Amino acid sequence: MSKSGFSLLFLVLLLIMGFLFPLRVSAIRKDIGFLEERSCRTTVQGRYLISDDEGNVCDALSLESRTRCCPWKGERFSCHGCNILSQCCNSYEFCVSCCLNPSQTLLEKVVKVKVAKPATSGTYKSVFDFCAGRCRHNSESVVHENAYHSEFHHCFSLTSNASGANLTQVETRLLGIDVIVGSQGDSCDAVCKSRGQLCVMNKLSLLNQCDVMKRYMNCKGSCLASAGADQPAEVVEDAPRDLYPGACLYTRTQSLLSCDGSHQHTRRLCPCA
């Protein structure tokens, strides 16, 4: 066979081999990325329930061991057992879940909230940090330091103590509290004691608002800032004219609020339990 004939035969054999055994070509697709593994932060306070940072609530035993997330089932951002108006719940985990709902809590607002009252305290870093911290018990949840004033004692609201605060929220936070208008010259300690009760110091700030005082007192159309230890209070009608008879008085200095404060020309508004 000539050299040219051998070359032609070799080329034909290569073509036949190509049809019978096609070469496998593999390549890496650049448009496909790896899915990021799901990972969650969770609450740790509850004995039976857990809420994760995605707004899910689940039984502690059903928590995924690898991701630390609740299974994707059921209702997300559940407000079960919560009062939406007051933003208070009877369960810590559902309080956190409800709070995480973007329609309830905005990131740009909560990151400005201080974790504690001192000026040196830091702010919350995320909505989950805010909700998990805010839904825990606080001094406003208890009376006499050893009992809850209401089963709805897990709250995430950012209520203000200024005049005009939402009355529905205030009423919810006063559940279990008797709001009493005292006699002229009496302190709240004396007013509550006469009823066999005690003055609840940490509820005075809720009553120290014009809108609230006007629900229990006449106020004669005026509500004035004052600096006495007897606020919140109403000046009696027969008081000297320079004391503004009939006016309601509140204080802008919360540290002045006291159960034992009194004044001979005022009637105090007192929280008793």
Side-chain angles (χ1 to χ4, degrees), residues 83 85-88 117 138-153 155 157-273:
N83 183 321
L85 290 177
S86 66
Q87 295 184 320
C88 293
K117 289 184 178 180
N138 56 65
S139 60
E140 293 184 353
S141 302
V142 298
V143 292
H144 312 325
E145 299 182 358
N146 61 2
Y148 296 118
H149 68 78
S150 166
E151 64 174 330
F152 294 88
H153 53 258
C155 304
S157 61
L158 289 174
T159 55
S160 170
N161 285 331
S163 175
N166 188 288
L167 289 175
T168 302
Q169 295 178 346
V170 172
E171 289 174 348
T172 300
R173 297 168 70 184
L174 286 172
L175 288 174
I177 301 295
D178 294 327
V179 179
I180 309 298
V181 178
S183 299
Q184 180 178 344
D186 281 351
S187 68
C188 281
D189 278 337
V191 172
C192 296
K193 186 177 180 180
S194 68
R195 299 170 53 87
Q197 297 176 307
L198 296 175
C199 172
V200 185
M201 174 68 180
N202 59 17
K203 297 301 175 185
L204 282 171
S205 61
L206 294 176
L207 304 182
N208 186 47
Q209 305 175 50
C210 291
D211 286 355
V212 176
M213 283 189 282
K214 288 177 181 178
R215 300 199 66 172
Y216 297 95
M217 298 170 157
N218 293 324
C219 296
K220 295 295 183 180
S222 61
C223 187
L224 309 173
S226 183
D230 60 313
Q231 276 87 60
E234 181 182 47
V235 182
V236 296
E237 293 287 345
D238 60 355
R241 294 191 64 180
D242 62 328
L243 297 181
Y244 303 99
C248 284
L249 306 176
Y250 71 95
T251 180
R252 292 194 179 101
T253 308
Q254 298 293 319
S255 60
L256 291 178
L257 294 173
S258 167
C259 284
D260 59 4
S262 64
H263 191 282
Q264 61 178 328
H265 293 303
T266 63
R267 303 166 64 216
R268 296 204 62 185
L269 187 62
C270 305
C272 303

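Heavy atoms only: backbone and side chains are in, while hydrogens, waters and symmetry mates are out. Note that the structure is predicted; figures quoted are calculated from it, not measured.
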Side-chain polar contacts of residues 234-249 - donor-acceptor pairs under 3.5 angstrom, sequence neighbours left out - could you list them?
from: E234; atom 1: OE1; to: R267; atom 2: NH1; distance (Å): 3.4
from: E234; atom 1: OE2; to: N218; atom 2: N; distance (Å): 3.1
from: E234; atom 1: OE2; to: C219; atom 2: N; distance (Å): 3.0

Note to self: Could you go through N208 and Q254, starting from their C-alpha distance and side-chain angles, then the distance that decides it, and tell me whether this counts as side-chain contact (heavy atoms from CB on, under 4.5 Å)?
What the structure shows: CA-CA 9 Å; N208 186 47; Q254 298 293 319; 3.5 Å; yes

Notebook entry, point to check: Partners of S258 by side chain to side chain donor-acceptor pair (under 3.5 Å), sequence neighbours excluded?
Noted result: D260

Checklist line | ring-ring contact (aromatic ring centres under 6.0 Å, His included) contacts in which one or both residues fall within residues 190-213, not counting sequence neighbours | finding: none

Item checked: All side chain to side chain contact (heavy atoms under 4.5 Å, CB included) counterparts of A229, not counting sequence neighbours -> none

Margin query: I need the full list of ring-ring contact (aromatic ring centres under 6.0 Å, His included) pairs touching residues 194-220, with sequence neighbours left out, sorted by first then second residue.
Written below: none

Item checked: Atom of L257, atom of M201 and distance for their closest heavy-atom approach -> O-CE, 2.7 Å

Notebook entry, point to check: Quick one: SG on C188 to CG on D230, what's the gap to the nearest 0.5 Å?
Noted result: 9.5 Å

Check: Hey, is C259 close enough to C199 that the SGs sit under 2.5 Å?
Finding: yes

Notebook entry, point to check: Restricting to pairs with a member in residues 177-191, which pass side-chain hydrogen bond (donor to acceptor under 3.5 Å, both in side chains), not counting sequence neighbours?
Noted result: D178-Q197

Next item on the list: Go through the structure and list residues passing side chain to side chain contact (heavy atoms under 4.5 Å, CB included) with T253, not counting sequence neighbours.
Entry: T251, S255, L256

Next item on the list: Give the minimum heavy-atom separation between V191 and G182, together with the two atoms involved.
Entry: CG2-CA, 3.6 Å

Notebook entry, point to check: Hey, what do you get for CG (L204) to CD (Q231), rounding to the nearest 0.5 Å?
Noted result: 11.0 Å

Check: When rounded to the nearest 0.5 angstrom, what is the spacing between NZ in K214 and SG in C223?
Finding: 6.0 Å

Item checked: Gap between atom CG of L207 and atom CZ of R268 - 0.5 Å precision -> 9.5 Å

